[in-house]
Amino acid sequence: MTRRTHSSTTEPTSSTSTSDTPSTSPEPRLGDRISLLTDRRGVLRVAGVVVGAGALAACSSPPVPTASADSSGGAAAAGGTPTSEVPVGGGTVFPDTMTVVTQPTAGTFKAFDAVCPHQGCTIGSVENGQIICPCHQSHFDATTGDRVSGPAPTGLTAKTITVTGTAFTVS
Ligand code: FES
């Protein structure tokens, strides 16, 4: 008679038919779950997930930085940018240090502040003996930094460049 109290707590959700076993024992459901886990396919699926996670972890490791990746702009301030990075008759912009270095003739190097005196854009390129600001097309002489054309009110500010062997530093 008092069994009802016990079975009534589990019966409201047990309208599904597990016909052979009485509702007093939870063993069929637990057994089903265990059989799913120990089922051959179930074990393979679990193993696949673990292997897949391991593979993802291996693939997501950060890339190893290369020495060459940091050798252009950042090295100019630290001391020792190869002179080969500046073409003869042209120049190179180093945005990290806001510097443009030119080599008007072989072995002659000039350095200027890469901030355009017009509205502060960064110098974009060196072409045909001129340093060019891409924002409003101010042009500057690649040897002296003087303004050649465009809206810039003045020339570029010169920096001190020191060449030692095959490397240079700018201050
Ligand atoms: Fe360089 Fe205007 S900011 S030309």
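One-based numbering along the sequence shown. Ligands are counted one by one from 1 in listed order, and the atoms in each one are counted from 1 as well. Remember, it's a predicted structure, so these values are computed and weren't measured experimentally.
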| task | Given side chain to side chain donor-acceptor pair (under 3.5 Å), test Lys159 with Ser171 step by step and report yes or no. | result | CA-CA 6 Å; Lys159 290 186 171 185; Ser171 56; over 6 Å; no

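Rounded to the nearest 0.5 angstrom, Leu156 CG and Ser138 OG are separated by 9.0 Å.
Residue pairs satisfying the side chain to side chain donor-acceptor pair (under 3.5 Å) criterion with at least one member in residues 101-118, sequence neighbours excluded, are listed as follows: Thr105-Thr108, His118-His136.
The two residues Thr92 and Val86 make their nearest non-hydrogen contact at OG1-CA, 3.6 Å. Across Phe140 and Cys116, no two heavy atoms sit closer than the pair CZ-SG, 4.0 Å.
Distances shorter than 2.8 Å separate atom 1 (Fe) of ligand 1 from the protein N/O/S atoms Cys116 SG, Cys133 SG.
Residues Pro104 and Phe109 have side chains not in contact (no heavy-atom distance under 4.5 Å, counting atoms from C-beta outward).
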